[in-house]
Protein chains: 2
Amino acid sequence: MSHQSMSDLIEQYLKSILNETEEEIIEIRRSEMADLFSCVPSQINYVINTRFTLAQGYTVESKRGGGGYIRIQRVELNSHDEVLSYLRKSIGDQLTYKDGVAVLQQLYNYDIISKREAELLVSIISYEAIGKQNPSEDNVRAAIIRALLDRLRYEEKR
Amino acid sequence: MSHQSMSDLIEQYLKSILNETEEEIIEIRRSEMADLFSCVPSQINYVINTRFTLAQGYTVESKRGGGGYIRIQRVELNSHDEVLSYLRKSIGDQLTYKDGVAVLQQLYNYDIISKREAELLVSIISYEAIGKQNPSEDNVRAAIIRALLDRLRYEEKR
DNA sequence: TGCTTCTTGACTATATTTGACCTTACTTAG
DNA sequence: CTAAGTAAGGTCAAATATAGTCAAGAAGCA
């Protein structure tokens, strides 16, 4: 927590102003952000691409040219079922560790699994657990997360 | 005490600053440590790998690249240590679905995991989840259960 | 002496930062 | 109305900043 990169700071700033809004949506200007943090504009893209992905629950739209902007919105999912089917659709045949953690984080954010469950599952999808002797690591991980999501969906419907 | 290796000194230093923190968690930069002790950076990895293992009650996370760090945290042994280490020893490289379910059943019986956690885990180790496109089904299952047991053993005391 | 642990450095992997160049949209002079 | 100019944002790859791995050789110890 004490060792932060510029990108971490920008991420935090954006998330904090996102939290302050009612609508969970913000509109920024890339160049203003770059000025504010004294960095090159493309670093803002970097932050958005690495920390505000769909898998992490954000949608981003932007417009170029005069009056351009970047709009970041937290995806609003209203029921557990919506969250589960959204996540289910968002994962394919392969899933990296990072994206797997993002899915679990979302499940926790939406109160679908507990903190402890999330932690246990994170350790299960880690490289140590499934990657070590497995070349198809990302396939296994995707399968595990799919099974989890399906099970959770089944639970919801009971 | 007169024959302390550099690694011993680094270990002591890290443990002393760990003790000073409330959270029992520290974040260091590998290169700073190496500078502080005038050693090569990889020696820090050596110390961590030999003296801050999970079995010794520490978890370590790290990040590379700009703003990288190494975070070391002291964790408490779970009170069910005996059961967990027994189960841990009892599983080898491969584990059938049936045996996996048996392990989970035991964990539930001993009140180490909840009913729901057991159910989620059962669906994860099922053939549908991990066997479908995986010839080494039993290996994956064993790895998953091993990771689970390790995690349970060293998670925060509840 | 022979095994174990430690030290070192070359090579690898990954995350971040930076800048040159590209694309799109709006504005305005003619 | 259109072309040129201007004002955004996007892409990509190189440079930089970290950390990880591995194996060879040195040092310690029984």
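Chain naming here is simple, since letters A, B, ... match the order of the sequence lines and numbering starts at 1 in each.
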(message) Measuring only between side-chain heavy atoms, which start at C-beta, is A:L36 closer than 4.5 Å to A:M33?
(response) yes
(message) What is the separation between atom CD1 on A:I70 and atom P on C:dA25, rounded to the nearest whole Å?
(response) 15 Å
(request) Could you state the atom-to-atom distance from CG of A:N45 to P of D:dA13 in whole Å? (result) 15 Å
(message) Rounded to whole Å, how long is the line connecting atom CG of A:D35 with atom P of D:dA8?
(response) 11 Å
(request) Specify the separation, in whole Å, of atom CD of B:Q4 and atom P of C:dT5. (result) 17 Å
(request) Please check the phosphate of D:dA8 (OP1 and OP2 only) for any side-chain N or O of A:S62 closer than 4.0 Å. (result) no
(request) Tell whether B:S42 reaches the base of C:dG9 with its side chain through a donor-acceptor pair below 3.5 angstrom. (result) yes
(message) What is the distance, to the nearest angstrom, from the CG atom on B:N49 to the C1' atom on D:dG20?
(response) 9 Å
(message) Please classify the nucleic acid contact of B:I44 as base, sugar-phosphate, or nothing, using heavy-atom distances under 4.0 Å.
(response) nothing
(message) Nearest whole Å is fine: how far is C:dT8 C1' from B:F37 CZ?
(response) 17 Å
(request) Check salt bridge (Lys or Arg N to Asp or Glu O under 4.0 Å) between A:E61 and all other residues, then give those that pass, not counting sequence neighbours. (result) A:R71
(request) Measure the distance from CD1 on B:I48 to C1' on D:dG20 and round it to the nearest whole Å. (result) 11 Å
(message) Taking A:D8 first and then A:R51, would you say they form a salt bridge - that is, a charged N and a carboxylate O separated by under 4.0 Å?
(response) yes
(message) Heavy-atom count check: over 12 atoms from other residues, nucleotides or ligands less than 6.0 Å from A:Y108 OH?
(response) no
N/O contacts under 3.5 Å, protein versus nucleotides 12-16 of chain C?
unit_1 : atom_1 : unit_2 : atom_2 : d
C:dA13 : O4'    : B:R64  : NH1    : 3.1
C:dA13 : N3     : B:R64  : NH1    : 2.9
C:dA15 : O4'    : B:R64  : O      : 3.3
C:dT16 : OP1    : A:R51  : NH2    : 2.7
C:dT16 : OP1    : B:K63  : NZ     : 2.8
C:dT16 : OP2    : A:Y46  : OH     : 2.4
C:dT16 : OP2    : A:R51  : NH1    : 3.4
C:dT16 : O5'    : A:Y46  : OH     : 3.2

(request) Classify the side chain of A:R30 versus the base of D:dG10 as yes if they form a donor-acceptor pair under 3.5 Å and no if they do not. (result) yes
(request) From the options C:dT18, D:dG20, D:dG10, select the nucleotide whose nearest atom is closest to the side chain of A:C39. (result) C:dT18
(request) Could you verify whether a donor N or O on one side chain and an acceptor N or O on the other, from B:Q4 and B:Q12, lie under 3.5 Å apart? (result) yes
(request) Take atom CD1 of B:I10 and atom C1' of C:dT7, then tell me their distance rounded to the nearest Å. (result) 10 Å
(request) Would you kindly say whether A:N19 and A:S16 are connected by a side-chain donor-acceptor distance under 3.5 Å? (result) no
(message) As a quick check of understanding, evaluate salt bridge (Lys or Arg N to Asp or Glu O under 4.0 Å) for A:R141 and A:D138, giving each step before the final call.
(response) CA-CA 5 Å; A:R141 192 150 34 224; A:D138 290 351; 2.7 Å; yes
